[in-house]
K.L.:
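One structure, pasted below without further comment.
These figures come from a predicted structure and were not determined experimentally.
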Amino acid sequence: MKMRIMKTFSMTVVLLALTALPAHAGWVATTQEDVSYYGNGLLKQVPSSQEGGPESIMNFAKGTMTMVDHGSRTYTTFKFEEFCAFLTKMYADAPPNVLEMVKQMNQSRPKPNVTIKKIGKGETIAGYATTKYQVDNNGQPERIVWMAENSRFKSFAAAFWKQASDGVRKMRQCDDIGISGEAVDTSAAYLDLMKKGWLMKEELVNENEMGAASGPVVKLVEKNLPASTFGVPKGYMKIPLAQFNIGN
């Protein structure tokens, strides 16, 4: 159940969590790209040193995001919907016609029509047996997904994605640059698949599609996560999104 949401936008996103909350029973998933902490409606992603970039956490219940830069000891917080305005300004500040070109490119993509079929048994990943699925878009293979459908985390996954689905769509919608929010990984069929268990690995079949492959997961453990896991360290300065160094 790996979320590379902001990789689509070449960035990571984070939320400012409340430090007064109790510990969250959750899961920690490790890949070569990052370590992800999953709580009750909360997701924190810590990129590897090779990947770089800010730490990320999302609060799907509140619909807020925060990005944290430990190097500069700064952070920024915003609503999911506010990221669209940031993207629009970013492209508008680029050389002439870039915004219009990006908008036309995004609008030219056909509306997704996603169907999913079970291929069969997949390999064991991080000690968990997997089931292999093929995700088709408009009748063509788009990606292959390996899901661990273990009873230990099935109910957790279902509850997490029930909260996260709406936020995922909001983060992927920006009419100003031609992104409707409709994509393979925001479709009802794909999100329903995520509720079946844990996404252990994902490979794109069609490299021309927007999106990012995930995994493989190399370690997956259940853990009680203290509230501080999803908080911003004391002493960090809050700055506007426009001033935050996303590409660091």
Side-chain angles (χ1 to χ4, degrees), residues 1-21 24 26 34 36-47 53-70 72-94 99 102-103 106-107 159-188 190-191 194 210-212 225 227-234 236-248:
M1 186 174 56
K2 179 73 165 49
M3 290 192 53
R4 302 297 297 163
I5 297 168
M6 306 316 294
K7 192 170 182 181
T8 303
F9 298 122
S10 299
M11 69 163 287
T12 317
V13 293
V14 203
L15 88 113
L16 177 60
L18 301 180
T19 57
L21 291 174
H24 297 271
D34 58 32
S36 298
Y37 300 82
Y38 295 85
N40 181 20
L42 300 168
L43 169 64
K44 174 182 177 179
Q45 291 178 314
V46 181
E55 224 173 62
S56 66
I57 313 167
M58 285 169 270
N59 185 329
F60 294 106
K62 290 183 174 293
T64 57
M65 300 183 280
T66 301
M67 293 183 286
V68 180
D69 179 10
H70 293 294
S72 63
R73 295 172 62 86
T74 60
Y75 71 95
T76 188
T77 304
F78 52 95
K79 291 281 188 180
F80 291 150
E81 302 90 332
E82 294 176 322
F83 189 56
C84 176
F86 171 79
L87 288 175
T88 303
K89 185 178 185 305
M90 180 180 71
Y91 285 115
D93 290 343
L99 177 60
V102 169
K103 187 173 183 178
N106 288 328
Q107 289 178 331
F160 179 89
W161 284 102
K162 183 178 181 180
Q163 289 182 292
S165 295
D166 185 56
V168 168
R169 295 188 182 98
K170 286 181 178 179
M171 283 189 289
R172 291 287 298 274
Q173 182 170 357
C174 186
D175 293 334
D176 291 341
I177 59 172
I179 299 178
S180 66
E182 294 182 278
V184 171
D185 55 5
T186 63
S187 67
Y190 182 88
L191 292 172
M194 295 299 102
M210 281 188 71
L225 302 173
S228 58
T229 303
F230 303 100
V232 175
K234 292 182 179 179
Y236 280 39
M237 181 174 66
K238 184 177 181 180
I239 62 176
L241 173 60
Q243 296 176 17
F244 190 82
N245 183 15
I246 292 175
N248 64 337

K.L.:
How many angstroms lie between OG in S56 and CG in D34, if you round to the nearest 0.5 Å?
P.N.:
7.0 Å
K.L.:
Measure the spacing between CE of M65 and CE of M58 and express it to the nearest 0.5 Å.
P.N.:
8.0 Å
K.L.:
Quick one: CD on Q243 to CE on M237, what's the gap to the nearest 0.5 Å?
P.N.:
8.0 Å
K.L.:
Looking at every non-hydrogen atom in both residues, tell me the closest pair between T76 and L241 and how far apart they are.
P.N.:
OG1-N, 3.0 Å
K.L.:
Is any side-chain heavy atom of K89 less than 4.5 Å from a side-chain heavy atom of D93?
P.N.:
yes
K.L.:
CD/Q107 to CD1/I177 distance, rounded to the nearest 0.5 angstrom?
P.N.:
10.5 Å
K.L.:
Tell me whether N59 contacts the main-chain N or O of K62 through its side chain, where contact means a donor paired with an acceptor under 3.5 Å.
P.N.:
yes
K.L.:
What are the two closest non-hydrogen atoms of T186 and R169, and how far apart are they?
P.N.:
O-NE, 3.1 Å
K.L.:
Please determine if D69 and R73 form a salt bridge, counting it only when a charged side-chain N lies under 4.0 Å from a carboxylate O.
P.N.:
no
K.L.:
Minimum heavy-atom separation for L225 and G26, please, with both atom names.
P.N.:
CD1-CA, 4.4 Å
K.L.:
Restricting to non-hydrogen atoms, name the atom on D176 and the atom on C84 that form the minimum distance, rounded to 0.1 Å.
P.N.:
OD2-SG, 4.3 Å
K.L.:
From F160 CZ over to S165 OG, what is the distance, rounded to the nearest 0.5 angstrom?
P.N.:
9.5 Å
K.L.:
Can you check whether F78's main-chain N or O pairs, donor with acceptor, with T64's side chain at less than 3.5 Å?
P.N.:
no
K.L.:
What I'd like to find out is whether the side chain of T77 reaches to under 4.5 Å of the side chain of Y75, using heavy atoms alone.
P.N.:
yes
K.L.:
Answer yes or no: is there a donor N or O on one side and an acceptor on the other, between the side chain of S228 and the main chain of G231, under 3.5 Å?
P.N.:
no
K.L.:
What heavy-atom pair brings V168 and W161 nearest, and what distance separates the two atoms?
P.N.:
CG2-CZ3, 4.0 Å
K.L.:
What distance separates C174 SG from K103 NZ, expressed to the nearest 0.5 Å?
P.N.:
9.5 Å
K.L.:
For the OH atom on Y236, are there more than 12 heavy atoms of other groups (residues, nucleotides or ligands in this structure) within a distance under 6.0 Å?
P.N.:
yes
K.L.:
Which heavy atom of E55 sits nearest to which heavy atom of P47, and what is that distance?
P.N.:
CA-CD, 4.0 Å
K.L.:
Between F80 and F60, how do the two ring planes meet: parallel, tilted or perpendicular, split at 30° and 60°?
P.N.:
tilted
